[in-house]
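Shown next, in structure tokens, is the structure this report addresses.
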Amino acid sequence: MSDFKPKSEFLQTLIARGYIHQCSDYAGLDEKAASGTLSAYIGFDCTAPSLHVGSLVQIMMLRWLQKTGGKPVPLMGGGTTRVGDPSGRDESRKILTLDDIESNKNGIKTVFSKFLTFGSGSHDALMIDNAEWLTTLNYIEFLRDVGRHFSVNRMLSMDSVKMRLDRDQELSFLEFNYMCLQAYDFVELNKRYGITLQMGGSDQWGNIVTGIDLGRRMGTPQLYALTSPLLTTASGAKMGKTAQGAVWLNADMLPVYDYWQFWRNTEDRDVGRFLKLFTELPLDEIARLEQLGGAEINEAKKILATEATAMVHGRDAAEQAELTARKTFEEGITADTLPTITITASDVDAGLGVLAAFVKAGLVASTSEARRQIKAGGLRVNDAVISDDRANLGHDTFMHDGAVKLSLGKKKHVLLKRA
RNA sequence: GGGGGAAUGUCCCGAGCGGCAAAGGGGGCGGACUGUAAAUCCGCUGGCUAUGCCUUCGCAGGUUCGAGUCCUGCUUCCCCCA
């Protein structure tokens, strides 16, 4: 790949920005992309009501595809989510109800409208749900037309399966079938929509290639696979998981300010890589930012945070978050735009203890934890460290605008606002 | 079908003579140092109306002043023999 010189803008961009881990056929795919007729899809499971930053690389690949003249298709796994993907997973996934899947799907849909332009034109994005063909599959017909093309011998040798077998871990027949369905998706998407490329994370390689193979046997044109590297931070942690949980893309799951903070806290060593993957800044600009050393790299992190946030939540909200952060961290002002929890005046009248207040604000999980944090000097009210766990928040602790700033550690702040 | 082993603190791994809120890691959180970074060091890491009370060791019973630990039955998983 290193010496491959693509002529398509699509591959040029993806290679230059570090999106590519593996490709089944660079030259062939490049040809297709350069002709301006490339349609590609990426499958997304409907296992949660929102996608998180772990899916962001995939979303960005679809976006770049559209920007470079291709047609992107996010595929909702409305059908496959009912089965569960064993790839790279040690445990079987629990089966979700149809209602859950449906509402998850709706939550996930919204994020794509931020990244892609949908419509009916030839380069407009299209959202498809594989429930469209999977749910009406007839078992006998499927076996006859599709099942006969799968080699169990080969499937057993696939990493995702082998791993489970080697460790003597249960792999149900249902899960085993996941890869067949995913392969079938690819073929079906080609027949119905002319899609010739499936992209995904590197853990999807086997599934994607199986789809290409199935296509060959079932008479599709040449199909292609393109995977992105599995993203970890420089210190090896998986992308997208933090202490409190996943870094969700939907604002109702994670406040914009917190999303901005997630990027702001990027490790030094990751800044350049993340700028390339998660922003659309020109590469020479990124090269300049990467040169920043020492404390100056913080400027690059702020740009990363704002750019990445703008992509999901819009420029205004991103700049708002940046401003809030500047007030909070650099100017020492209590910004009224911090994430806010509302309480009633009568809560205060009834005597609101610090412990309960921090629990209510969601900064600690229990009053016991609040006590521990107080002991460790980790809780502050209006920037004053709390030492007495029996202290009450009276009306006088609420500032002019009726809010108290509660802080856990130096980074997490929540406003408690009196309604 | 027969024989053997395993299940532990609801993040994970993992010790546990009958006195156990249960060793030790990892992870996470907080503190110190910094640059809202990394590395390092220190502390914490069941719940509550809290000098006490309640709930935890696969499930259900039993023995005992007292059970994660002993006995019985059950569930699940693994190994060996058939």
Side-chain angles (χ1 to χ4, degrees), chain A residues 88-92 94 164-172 232-247 255 257-275 289-306 308-309 321-335 338-339 350-381 383-392 405-414:
Chain A
R89 229 172 285 275
D90 291 347
E91 292 169 32
S92 308
K94 59 173 181 287
R164 295 275 284 262
L165 294 178
D166 286 348
R167 296 202 209 162
D168 287 316
Q169 275 166 337
E170 169 79 5
L171 174 66
S172 66
T232 54
T233 68
S235 30
K238 230 174 244 170
M239 261 310 264
K241 301 274 183 181
T242 66
Q244 291 88 25
V247 180
Y257 171 80
D258 291 328
Y259 189 77
W260 193 91
Q261 282 296 326
F262 168 76
W263 295 105
R264 175 63 183 80
N265 284 298
T266 297
E267 293 179 31
D268 287 8
R269 291 176 290 174
D270 290 326
V271 172
R273 195 160 52 109
F274 287 2
L275 280 166
L289 291 170
E290 278 185 292
Q291 294 308 308
L292 298 175
E296 282 194 322
I297 201 170
N298 283 323
E299 292 312 309
K301 291 185 189 180
K302 287 180 211 166
I303 291 170
L304 168 64
T306 300
T309 305
E322 183 177 4
L323 181 65
T324 303
R326 189 182 331 132
K327 282 183 181 167
T328 306
F329 288 94
E330 294 173 31
E331 297 168 17
I333 306 170
T334 298
L338 282 169
L352 181 62
V354 269
L355 301 174
F358 275 90
V359 172
K360 200 159 259 181
L363 289 170
V364 294
S366 65
T367 61
S368 294
E369 191 190 335
R371 269 179 235 271
R372 282 195 228 80
Q373 290 293 0
I374 287 174
K375 211 167 282 175
L379 297 191
R380 281 172 297 155
V381 171
D383 296 319
V385 175
I386 304 296
S387 54
D388 178 10
D389 58 13
R390 282 177 305 182
N392 267 342
K405 181 165 85 166
L406 304 182
S407 311
L408 166 66
K410 295 200 167 51
K411 293 188 190 175
K412 282 162 229 130
H413 310 281
V414 168

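Hydrogens, waters and symmetry mates play no part in the numbers below; they use all other heavy atoms, side chains included.
In this structure, B:C41 shows a glycosidic angle more than 90 degrees from zero, which is the anti conformation.
Scanning all heavy atoms of the two residues, the minimum distance from A:V359 to A:S366 falls at CG2-C, 3.5 Å. A:A305 and A:W263 get closest at one heavy-atom pair: CA-CB, 3.5 Å.
Regarding A:L304, its CG atom lies at a distance of 15 Å from the P atom of B:A37, rounded to whole Å. Atom CG of A:L379 is separated from atom C1' of B:G30 by 9 Å (rounded to the nearest Å). Separating the NZ atom of A:K301 from the C1' atom of B:U34 is a distance of 11 Å, rounded to the nearest angstrom. Spacing between atom NZ of A:K375 and atom P of B:G30 amounts to 18 Å, rounded to whole angstrom units. Rounded to whole Å, atom P of B:U34 lies 18 Å from atom CD of A:E330. Taking atom CZ on A:R371 and atom P on B:G43, their separation rounds to 23 Å, with Å as the unit. Across the protein-nucleic acid pair, A:D270 atom CG and B:U36 atom P stand 18 Å apart, rounded to whole Å. Rounded to whole Å, atom P of B:U34 lies 17 Å from atom CZ of A:R264.
Using a 4.5 Å heavy-atom cutoff, the side chains of A:L379 and A:V354 are not in contact.
Across all strands shown, B:G52 pairs with B:C48; the Watson-Crick or G-U wobble distances both stay below 3.5 Å. Under the Watson-Crick and G-U wobble criteria, each requiring two contacts below 3.5 Å, nucleotide B:G1 is paired to B:C81. Of all nucleotides present, none satisfies the Watson-Crick or G-U wobble test against B:G18 with each distance under 3.5 Å. Pair assignment for B:C41: B:G31, on the basis of Watson-Crick or G-U wobble contacts that are both within less than 3.5 Å. In this structure, B:G66 forms no base pair with any nucleotide, since neither Watson-Crick nor G-U wobble geometry is met with both distances under 3.5 Å. Base pairing of B:A7: its partner is B:U75, meeting the Watson-Crick or G-U wobble criterion (both donor-acceptor distances under 3.5 Å).
Note on A:S366: only backbone sugar-phosphate atoms sit closer than 4.0 angstrom, heavy atoms only; bases stay farther off. Looking at heavy-atom distances under 4.0 Å, A:E296 makes no contact with the nucleic acid at all. Among the atoms of the strands shown, base atoms are found under 4.0 Å from some heavy atom of A:I297.
Comparing the P positions of B:A38 and B:G52 gives an interatomic distance of 41 Å, to the nearest angstrom. Nucleotides B:U36 and B:G26, compared at atom C1', are 25 Å apart to the nearest Å. Of the P atoms belonging to B:U55 and B:C48, the separation is 15 Å, rounded to the nearest Å. Taking atom C1' on both B:A22 and B:G30, the two are 24 Å apart, rounded to the nearest angstrom. Atom name C1', nucleotides B:C17 and B:C13: the rounded distance is 25 Å, in whole Å. Distance noted for atom C1' between B:U56 and B:U45: 16 Å (whole Å). Nucleotides B:C57 and B:G46 have their P atoms positioned 15 Å apart, rounded to a whole Å. B:G73 and B:C79 have their P atoms separated by 24 Å, with the value rounded to a whole Å.
For B:U49, one of the phosphate oxygens OP1 or OP2 lies less than 4.0 angstrom from a side-chain nitrogen or oxygen of A:T367. A:K411 has no side-chain polar atom (N or O) that falls below the 4.0 Å cut-off from OP1 or OP2 of B:G30.
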Step by step, work out the side-chain contact (heavy atoms from CB on, under 4.5 Å) result for A:K412 and A:L406. CA-CA 8 Å; A:K412 282 162 229 130; A:L406 304 182; over 6 Å; no

Under the ring-ring contact (aromatic ring centres under 6.0 Å, His included) rule, what do A:Y257 and A:H413 come out as? Steps first, then yes or no, please. CA-CA 10 Å; A:Y257 171 80; A:H413 310 281; 7.7 Å; no

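In the set B:U36, B:G47, B:A38, the nucleotide with an atom closest to the side chain of A:E267 is B:A38. For A:F329, counting side-chain heavy atoms from C-beta on, the closest listed nucleotide (B:U36, B:U45, B:A50) is B:U36. You'll find that the side chain of A:K412 is closest to B:C29, out of B:C44, B:C29, B:A37. Taking every side-chain heavy atom of A:L408 into account, B:G30 is the closest of B:G30, B:U36, B:G47. For A:A376, the side-chain atoms get nearest to B:G30 when compared with the rest of B:C48, B:G30, B:U36.
Heavy-atom nearest nucleotides on RNA chain B were determined for A:A365 and for A:G293, and the one closer to the 5' end corresponds to A:G293. Comparing A:G294 and A:K410 against RNA chain B, the residue whose closest nucleotide sits nearer the 5' end is A:K410.
Side chain of A:E369 to backbone of A:A365: a donor-acceptor contact under 3.5 angstrom is found.
Salt bridge A:E299/A:K302: present, at least one basic N to carboxylate O contact under 4.0 Å.
Of the options A:V414, A:I374, A:L363, a side chain to side chain contact (heavy atoms under 4.5 Å, CB included) to A:F358 is made by A:L363 and by none of the others.
Remark: the A:Q261 side chain and the B:U36 base include a donor-acceptor N/O pair separated by less than 3.5 Å.
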